[in-house]
S.K.: 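Sharing a structure below in structure tokens format, with a few things to ask.
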Amino acid sequence: MAKELLADFDTWQTTLFSTLVKATKAANAISAGDVSFYRSLDRSFASNMDDASSASLDMCNSLLGQASNSTSEIISDADDMRDRFDIISDVIDNLLEKVDVAMDEMKAPRKKGANSAQSAPTVALAKTDKLEYKLLHAQHIVRPQLRFADPVDNSNTPFVRKIAVKPNAQVDLTYGLEKTDSPELTSQPHPYEYEIKHLEYPTHMFEERPEQLYNPFDSTTAIWVDTVEALKDMCTTLEMQREIAIDLEHHNYRSFQGFVCLMQVSTRDQDFLVDTLELRDSLHLLNQAFTDPKIVKVFHGAESDIIWLQRDFGVYIVNMFDTYHASKLLDLGTHSLAFLLERYANFHADKKYQLADWRIRPLPEEMFKYARADTHFLLYIYDRMRNDLLAKSNPTTHNLLHATLQRSSETALKKHEKEIYDAEEGEGPNGWRNMYTKWNRSLNNQQFAVFKALHAWRDQMARDEDESLRYVLPNHMLFTLAEKMPTESTGVLGCCNPVPPPVRMSASDMAMLIARVKLTIPTTVGGFHKVEIKEPVHVRFDASTGLQPTNENGTEETGTTEAPAPTIAASQAKGGKVVAAASSGMFGKGSVTGSVPKPLAAPAALFAKRSGMFGDVMVTKPNHTAEDAKAKAHRIMMELSAQPAVAVPVFKEINSVLELAKEEEPESTKRAEPPTVAEEEAPVAKKSRTDVLVLGSMSKQRTRALDEDRAELEVVSISSGTEDDQDEETVSTKKSKNKKKKKSSLAQSTAPTSASNELPEAFQPFDYSTVASVVDETMNANSKRKSKKKIVAPDASEPVKPFDPYAKLVEGSEFKKRDASFTSKPKSGARSMTFNTGK
């Protein structure tokens, strides 16, 4: 298969890129902003979109799992993909590295013992019907940093600005610097801050004039600047212009901070491409034109460009016009440079080289044209947008144009600051805290410590080797190492696929680092720090030996001591010594460990000196015998009985009610009981409050009576229609009446009238037996009404007819509501209503 693919590789490559182009076109058939509109119009379209999205997401997860050999990183939805796109980026980077190696192996197989030499940059072409797709790659590129005259400063210290001479200055370079004797470096101010804030714009910027058309792109060319002489000639040309357009191309994959590889500068008549890798040390000459307030510098999206110019060359910008801010104020739909080129210049920019490796030298023709197009049309776009801003602004104040210039000045005032790595707190965009929060992994305290150690190692390795963090150790590999914590070099290499070169070189050091961290941090699931027990530990005696602390004389030693550590406590407990806390909120002072252990015959009970219920309790020689316990309980009861008489009736009344509330059973149901002792009847003769006794007895009797009546009514309602059942109804009704009479007479005989006369008038009990019960009357009436009904037994010869709820209704009759009869004091049981059929 490999030989066939190699033999016809161009055809296979053309077919592959043709398929990719078709898929891209199909995906871009509908703009992203119109998808929601079409979904609201057609439900079937919305359903198809959901199905396609789900299938695409499943395919992406499957491809990611196969490419990364891991199934832990599952993307759930579109928001998750947007938030965790770095996972996809890492996988794609790894795939591209594999592709580069595979293509090199296919085109030039390595021989054993052969030295790898630098290969020339190659460009792969893939043609379709209308488009050409180009994949640029190069192997073994010599690192440009090695040829820089000024070494790259990746130290963990503040940035030191490179500017030494300040042309077009209104104040000198010392303006704004803090005078301090401290040797530590501090952040330095922007050297052109005063000039930018006090800038007077040229009058020609606020004049409406026809835009100047650009030169034809195909019939002109750009000047390649890679020598100091050519740079000086270009600077002379720029200093004579009123407007210039500037753009930069940057590389940051094989560098910690990144560096500028190419600069594009255009005037109205000429385009320049500056090789910043060759002229890095001489580009400060551009400050003469770039800081001239009379020359307008046109950028698009200059936030990064401003930082890169300061960091690499010490170049600053005064009087800048950013077309990105102008597109915002003009309320254009899209704000990219490709959109502006197509809108104003009708030029379709080929943005497939935007992420190309701009270190490649010599620069391929395709990349050369792409870089030139970024600035060739930019001055014409500036004229068009400036006229649009003036047309929509207030004619007196030119507010929209001033707003654009104000925002552009704020961008120009940005200054480069090196990121200081904070290993302890993890602050900063590349700190471990931001990364851990974004990935949201569950790590215990040991894994978390390994994660922080590896994160710090990666940062230091990237600074030392001047490589990017994702090149040294991608994020997903870092988390895999933190979770598995391998302590051997083979395990470290096994967690990384493919293995990054820095990891391959330092696998043993990484394994030793992980092992050292694991030894210093104990394992605790769900925690990020070591667990320390600061609370005192209470150990009264050793359960295995039954020993208690004593001193050298053999007597118990009392005092206070601090609670030892848990390990010391365990060793002391094994030796028969007691470890006690210095104090306890419940037991007070604790005992101290003794030097001579002895058997614990009777462990001393622990009592507090003071109790809110029992008062002062002093125990000298505790004894746990049954007789002592009974005597102690008797003493407590005697103390309670000796308290004032106000609190005593509470117990006596409750006991009396429980005794007097007993219901006498009929003689027929009484069982033979042994004679009771006279002492047991004493509580009945005790004097008690009559109102409590009567109320308790009557309420209990009435509750039982109601329960019996309800039960009897239920039995009557479900009984069959025979005459024997009717007789049983009559008997049950009579029994209930006899029971009620006995209960009422019992209640009258039980209530002591003499006691009620002795009470004050306000506490006289109410005798419920003298008042007729509305519930009883209603129940009796219902039982009588039911007993009068004659139930005729059905004839056995006739077939059983189904129940007809309308059999007794007379046609034309109406239901009438009968008023319920209420007594003067109605109860809830008496509120009933019935209906008749008018007969």
Side-chain angles (χ1 to χ4, degrees), residues 1 5 11-99 102 124 126-135 332-339 342-343 348-355 435-442 470 474-480 483 497-498:
M1 181 64 183
L5 184 61
T11 304
W12 175 84
Q13 190 180 45
T14 303
T15 305
L16 174 63
F17 287 118
S18 176
T19 305
L20 291 176
V21 169
K22 291 180 181 179
T24 305
K25 283 185 176 181
N28 296 330
I30 301 176
S31 62
D34 297 336
V35 172
S36 59
F37 172 73
Y38 288 111
R39 287 175 62 93
S40 63
L41 292 180
D42 191 352
R43 291 186 177 180
S44 61
F45 174 77
S47 178
N48 293 336
M49 287 291 295
D50 293 337
D51 295 340
S53 300
S54 178
S56 301
L57 187 62
D58 294 340
M59 186 182 299
C60 290
N61 285 324
S62 177
L63 292 174
L64 288 175
Q66 294 178 7
S68 60
N69 295 329
S70 175
T71 58
S72 59
E73 302 297 338
I74 300 299
I75 299 175
S76 57
D77 51 19
D79 294 335
D80 192 17
M81 177 174 288
R82 195 180 302 108
D83 296 336
R84 306 175 66 185
F85 193 78
D86 51 354
I87 300 175
I88 303 176
S89 300
D90 292 336
V91 173
I92 292 176
D93 290 340
N94 295 333
L95 290 177
L96 292 177
E97 291 288 341
K98 291 181 179 180
V99 169
K127 296 183 179 180
T128 61
D129 296 337
K130 296 181 180 180
L131 296 176
E132 285 187 358
Y133 198 92
K134 305 170 181 67
L135 176 65
L332 301 181
T334 309
H335 312 290
S336 65
L337 180 59
F339 173 78
E342 185 174 357
R343 176 185 176 89
H348 300 278
D350 192 1
K351 287 295 181 182
K352 55 179 168 283
Y353 298 111
Q354 189 173 12
L355 299 178
M435 178 180 172
Y436 183 80
T437 305
K438 186 176 181 180
W439 283 67
N440 195 21
R441 293 293 187 93
S442 297
R470 63 183 186 274
N475 292 338
H476 67 280
M477 295 184 185
L478 175 58
F479 276 107
T480 302
E483 291 173 350
N497 185 22

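Hydrogens, waters and symmetry mates play no part in the numbers below; they use all other heavy atoms, side chains included. Worth saying up front: this structure is predicted, and the values here are computed from it rather than measured.
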S.K.: Indicate yes or no: at least one non-hydrogen side-chain atom of Leu478 is less than 4.5 angstrom from one of Met435.
M.R.: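 Sidechains of Met435 and Leu478: in contact.
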S.K.: Quick one: salt bridge (charged side-chain N to carboxylate O under 4.0 Å, His left out) partners of Asp80, sequence neighbours excluded?
M.R.: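 By the salt bridge (charged side-chain N to carboxylate O under 4.0 Å, His left out) rule, Asp80 matches Arg84.
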S.K.: To the nearest 0.5 Å, what is the distance between OG1 (Thr480) and CG (Asn475)?
M.R.: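 One gets 10.5 Å once the value is rounded to the nearest 0.5 Å.
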S.K.: Under 3.5 Å, side chain of Ser54 to main-chain N/O of Asp50, donor-acceptor pair present?
M.R.: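 No; judged by distance alone, with no hydrogens or angles, the pair does not exist.
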S.K.: Roughly how far apart are Met59 CE and Asn61 CG, rounded to 0.5 Å?
M.R.: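 Here the interatomic distance stands at 11.0 Å.
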S.K.: For Arg343, which residues count as a side-chain hydrogen bond (donor to acceptor under 3.5 Å, both in side chains) partner, sequence neighbours excluded?
M.R.: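 Arg343 satisfies side-chain hydrogen bond (donor to acceptor under 3.5 Å, both in side chains) with no residue once adjacent residues are dropped.
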S.K.: Nearest 0.5 angstrom please: Arg39 CZ to Ser47 OG, how far?
M.R.: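 These two atoms lie 9.0 Å from each other.
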S.K.: Checking Ser56 side chain against Ala52 main chain: does a donor-acceptor pair fall under 3.5 Å?
M.R.: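 The answer is yes, because a donor-acceptor pair under 3.5 Å joins these two groups.
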S.K.: Name all residues meeting the side chain to side chain contact (heavy atoms under 4.5 Å, CB included) criterion together with Asp42; count only those two or more places apart in sequence or in a different chain, and write none if there are none.
M.R.: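 Side chain to side chain contact (heavy atoms under 4.5 Å, CB included) check on Asp42 returns Ser44, Phe45.
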S.K.: Quick one: pull up CG in Leu20 and OG1 in Thr15 and give me the separation to the nearest 0.5 Å.
M.R.: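 Rounded to the nearest 0.5 Å, the CG-OG1 separation comes out at 11.0 Å.
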S.K.: Between Phe339 and Thr334, which heavy-atom pair has the shortest distance, and what is it?
M.R.: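 Taking Phe339 first and Thr334 second, the nearest heavy atoms are CD2-O, 3.1 Å.
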